[in-house]
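Worksheet for the structure shown next.
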Amino acid sequence: MKILHAIIRNYLETGEPVGSRTISKYTDLNLSSATIRNEMADLEELGYIIQPHTSAGRIPSDKGYRLYVDSMLEEKDREVDDLKGLLVEKEDKMDHLLQQVAKFLAANTNYAAMISSPLYHGNKLKFIQLSRVDEHQVLAVIVVEGNVIKNTMLHVEQAPDQETMLKLNILLNTHLNGKTLDEINLGMIANMKQQAGIHSVMVGEIIDAVAEAIQADEDLQIYTSGTNNILKYPELADKEKASELITAFEEKKALNQIVQETLADESSTGIQVYIGNESPVQTMRDCSVVTATYELGEGMKGTVGIIGPKRMDYDKVVGILKNLMNQLETLYKKT
């Protein structure tokens, strides 16, 4: 089956009959040309390949194409089932889920893969709860869209009593609930500080914590897998190029550029393809980068990407990314 697949793939790429020496070079079988010739003779006898000329190599028959397509479709179905199982099993552990998705993508494309943690774009504040911890500490629990909870401990000279704490909770929630960062203006802040009186400094610190929670960009995490995959391709295996690529994946600053570039286009959650010099990352000028924006609902967006040679199998990569986005969307709509 491996030899048949190699013959078909090679013939699809070149349109030329395929010989045993070609197969011995381009597969991981580690078999001699003589052994491959014997296997090819068996495939020909079974009707999966034909020899158009006496001295030429072989080309696939209709029967061979059918077997190839059927096995490919079965493999795709398995990939979909594997991905569904992975997402359902790990949905409650976001960091572990994203790590596994990166590994899945790298294994199924044979390229390098990356996926960012979801960021919360256009977030609104849902609720603030202030609680007195002791005489000098107040806990601010801030809940933003996506049910993301940020806890901030405020150190104060004298914590307010329970009645004052209740009033401050009402003041903050009345002014800030349902607001995005852009809607919290200086006039609103000044008004709240004035109403807070002697607790204006604490209110200012709480507003800063709210802004930080809504923005939340500092929590961006990028998970990668398959860096060594792209070094398998000769055009990327040059010592200098390989070093640049490995550094880009280890430091992740370059990958952050890809994430920001992808998420900046808020009008699109489709596939974006950067070929060679089109890449937002200079060190990936010899690569192709295919990215997509995934959504988990309530403004939660992240970036998934595949990095490989410019001759990557775009059809396969785009298909896998579309499948991933559909699965994530379906899963999180249910939850």
Side-chain angles (χ1 to χ4, degrees), residues 91-92 94-95 98 116-133 136-222 256 259-269 293-303 328-329 331-335:
E91 63 175 298
D92 59 332
M94 180 60 72
D95 59 338
L98 296 177
S116 73
S117 58
L119 296 179
Y120 302 87
H121 292 264
N123 258 0
K124 295 179 180 179
L125 178 72
K126 291 182 74 172
F127 188 70
I128 299 174
Q129 176 65 52
L130 301 181
S131 301
R132 177 187 169 118
V133 177
H136 302 291
Q137 293 187 102
V138 172
L139 175 65
V141 179
I142 301 163
V143 183
V144 297
E145 277 189 341
N147 290 327
V148 177
I149 300 173
K150 300 286 183 180
N151 295 325
T152 300
M153 190 67 73
L154 304 173
H155 298 277
V156 295
E157 288 188 15
Q158 179 63 50
D161 57 31
Q162 294 301 327
E163 183 179 351
T164 304
M165 194 72 74
L166 176 60
K167 291 179 180 178
L168 289 173
N169 273 317
I170 293 171
L171 171 68
L172 289 164
N173 283 290
T174 299
H175 284 82
L176 299 179
N177 278 10
K179 296 289 191 297
T180 64
L181 189 59
D182 292 338
E183 293 171 332
I184 302 174
N185 56 50
L186 291 175
M188 184 186 300
I189 294 171
N191 185 18
M192 283 190 288
K193 284 186 174 181
Q194 184 179 4
Q195 292 186 51
I198 62 171
H199 302 295
S200 61
V201 173
M202 186 177 75
V203 167
E205 291 179 0
I206 294 167
I207 294 171
D208 289 342
V210 168
E212 186 178 341
I214 292 176
Q215 201 161 16
D217 284 355
E218 75 280 0
D219 291 336
L220 176 68
Q221 297 290 328
I222 298 177
N256 196 299
V259 171
Q260 299 304 332
E261 177 94 3
T262 305
L263 293 177
D265 185 3
E266 295 183 359
S267 63
S268 173
T269 56
T293 300
Y294 69 86
E295 293 190 62
L296 303 184
E298 294 195 20
M300 298 167 63
K301 291 184 179 181
T303 296
L328 284 170
E329 183 181 350
L331 174 65
Y332 281 87
K333 274 185 177 176
K334 290 179 180 177
T335 56

Quick check: do Val138 and Met165 have side-chain heavy atoms less than 4.5 Å from each other? yes
Could you pull out the closest heavy-atom pair between Ala159 and Gln137, with the gap in Å? CB-O, 4.3 Å
CD1 of Ile207 to OG of Ser200, rounded to nearest 0.5 Å, is 10.0 Å
CD (Glu163) with more than 12 external heavy atoms under 6.0 Å: no
One should read off an interatomic distance between Glu205 CD and His155 NE2, to the nearest 0.5 angstrom, of 9.5 Å
Spatial distance of atom CD1 (Ile142) from atom OG1 (Thr152) [nearest 0.5 Å]: 4.5 Å
Looking only at heavy atoms, what is the nearest atom pair of Gln195 and Leu171, with distance? OE1-CD1, 3.4 Å
Give, for atom CG of Asn256 and atom CD of Gln221, the distance between the pair rounded to the nearest 0.5 Å. 10.5 Å
Lys179 side chain reached by Val210 side chain, heavy atoms, under 4.5 Å: no
Heavy-atom closest contact (Pro160 atom, Leu168 atom, distance): CG-CD1, 4.0 Å
Give a yes or no answer on whether the side chain of Ser116 reaches the backbone of Thr303 with a donor-acceptor pair at less than 3.5 Å. yes
Value for CG (Leu166) from CG (Leu130), rounded to nearest 0.5 Å, stands at 10.5 Å
Could you go through the side-chain contact (heavy atoms from CB on, under 4.5 Å) check for Ser117 and Leu98 one step at a time? CA-CA 7 Å; Ser117 58; Leu98 296 177; 4.0 Å; yes
For the CE atom of Met202 and the OG1 atom of Thr164, what is their distance to the nearest 0.5 Å? 9.0 Å
Nearest non-hydrogen partners of Gly204 and Lys193, listed with the distance: CA-CE, 3.6 Å
Heavy-atom distance under 4.5 Å between the side chains of Leu176 and Met188, does that happen here? yes
How far apart are the closest heavy atoms of Leu172 and Val203, and which atoms are they? CD2-CG1, 4.1 Å
Backbone N or O of Ile128 within a donor-acceptor pair of the Asn173 side chain at under 3.5 Å? yes
